[in-house]
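These numbers come from the heavy atoms of this one structure, side chains and all, not from hydrogens, waters or symmetry mates. Note that the structure is predicted; figures quoted are calculated from it, not measured.
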Amino acid sequence: MKTYREMVDSYRRRQRDTVVDTLATGLTYMDEIAVESGLLEETGLLTELTGTVCGALPFVIIAATEGTKIILGRKPSKTGVQDGAFRMAKTGAAIGVGAAVTAAAGFWAAIPATMGVRALFDRYKSKALTNVRVQGRIHRLQELNASLRPEPVTDETYAIATVE
């Protein structure tokens with residue numbers, strides 16, 4: 001089992017990934033901010049390049065960070081691919097909602113909307129993982145109980161024990 005310090009360090013690293021993803025997602029609206037503030041014109045090569053680069057930037061950052069963790073041995077490859085896929089799905093959904101909000105209310109409303117979508121994804125994943133952990137602990141307790149009892153444990157044994 002991890003020590004308290006190891007759990008805190010792990011949690012802080014997880015939060016850093018969320019901040020990096022949120023900033024990268026916010027940068028996808030950089031071209032619109034530049035146009036609205038008058039730094040760029042709506043037409044031109046620079047506008048086209050910033051739109052393309054800013055759209056792909058969050059996905060490149062996610063792939064780079066997860067790949068680095070795998071290469072450095074801080075994460076198994078299977079876990080890294082799964083985490084990267086989840087982060088990319090979360091970012092894609094946030095960008096989609098942000099684009100809809102930008103069209104409806106302007107780009108200033110898009111950044112809080114994208115952050116909210118990302119928070120909802122994180123909340124869902126946290127609850128799903130909590131359920132998996134609880135089910136695993138229940139299974140381990142049932143195995144421990146079965147190994148300590150001389151008679152085989154069945155569902156009826158649990159029903160009788162709780163009724164009496």
Side-chain angles (χ1 to χ4, degrees), residues 1-34 40 45-103 107-148 152-153 155 158:
M1 180 173 229
K2 290 183 180 180
T3 65
Y4 177 74
R5 174 55 60 202
E6 291 171 339
M7 287 188 275
V8 168
D9 290 341
S10 173
Y11 181 74
R12 284 188 181 144
R13 272 189 250 118
R14 191 175 319 127
Q15 291 238 335
R16 211 173 299 135
D17 287 343
T18 301
V19 170
V20 169
D21 290 352
T22 303
L23 289 175
T25 304
L27 287 175
T28 60
Y29 302 106
M30 182 183 80
D31 58 334
E32 293 180 37
I33 292 170
L40 289 177
L45 181 62
L46 189 58
T47 305
E48 292 295 322
L49 286 175
T50 57
T52 304
V53 169
C54 289
L57 182 65
F59 303 104
V60 171
I61 290 173
I62 290 168
T65 56
E66 291 299 329
T68 302
K69 289 176 185 176
I70 292 169
I71 290 170
L72 294 176
R74 291 177 37 204
K75 195 180 268 194
S77 60
K78 183 178 179 181
T79 304
V81 169
Q82 288 175 344
D83 289 350
F86 179 76
R87 287 173 62 191
M88 286 185 185
K90 181 170 56 171
T91 299
I95 289 173
V97 168
V101 169
T102 299
F107 70 90
W108 291 111
I111 293 173
T114 58
M115 292 170 58
V117 168
R118 295 181 61 75
L120 288 174
F121 266 80
D122 287 337
R123 188 172 182 188
Y124 169 76
K125 185 176 182 181
S126 176
K127 286 187 178 191
L129 290 177
T130 299
N131 186 31
V132 169
R133 282 192 301 269
V134 168
Q135 292 300 323
R137 289 182 181 154
I138 289 171
H139 183 69
R140 280 186 287 183
L141 287 172
Q142 287 174 340
E143 288 176 349
L144 179 63
N145 191 10
S147 69
L148 295 175
V153 178
D155 289 336
Y158 288 117

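In this structure, Ala94 and Arg118 approach most closely via the heavy-atom pair CB-CG, 3.7 Å. The two residues Lys75 and Gly80 make their nearest non-hydrogen contact at CD-CA, 3.5 Å. The two residues Ile95 and Pro58 come nearest to each other via the heavy atoms CD1-CG, 4.1 Å. In terms of heavy-atom proximity, Gly98 sits nearest to Thr114 at CA-CG2, 3.7 Å.
The side-chain contact (heavy atoms from CB on, under 4.5 Å) search around Ser77 returns Ile70, not counting sequence neighbours. Legend: residues meeting side-chain contact (heavy atoms from CB on, under 4.5 Å) with Tyr124, ordered by chain and number and at least two apart, are absent. Residues forming a side-chain contact (heavy atoms from CB on, under 4.5 Å) with Leu144 (at least two apart in sequence, or on another chain): Ser147, Leu148. By the side-chain contact (heavy atoms from CB on, under 4.5 Å) test, Ala89 is found to be paired with no residue, residues two or more places apart in sequence or in another chain being considered. Evaluation of the side-chain hydrogen bond (donor to acceptor under 3.5 Å, both in side chains) rule for Arg133 yields Thr130 as partners, not counting sequence neighbours.
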Inset, instruction - Report the C-alpha distance between Asp83 and Lys69 in whole Å, list the side-chain angles of each, state the deciding distance to 0.1 Å, and finish with yes or no for side-chain contact (heavy atoms from CB on, under 4.5 Å). - result: CA-CA 11 Å; Asp83 289 350; Lys69 289 176 185 176; over 6 Å; no
Inset, instruction - For the pair Gln82 and Phe86, evaluate side-chain contact (heavy atoms from CB on, under 4.5 Å) and give the outcome as yes or no after the intermediate values. - result: CA-CA 6 Å; Gln82 288 175 344; Phe86 179 76; over 6 Å; no
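The backbone N or O of Asp122 sits nowhere less than 3.5 Å from a side-chain atom of Ser126 that would complete a donor-acceptor pair.
Using a 3.5 Å distance cut-off with no hydrogens or angles, the side chains of His139 and Glu143 do pair a donor with an acceptor.
How far CD of Glu66 is from CZ of Arg74: 9.5 Å, rounded to the nearest 0.5 Å.
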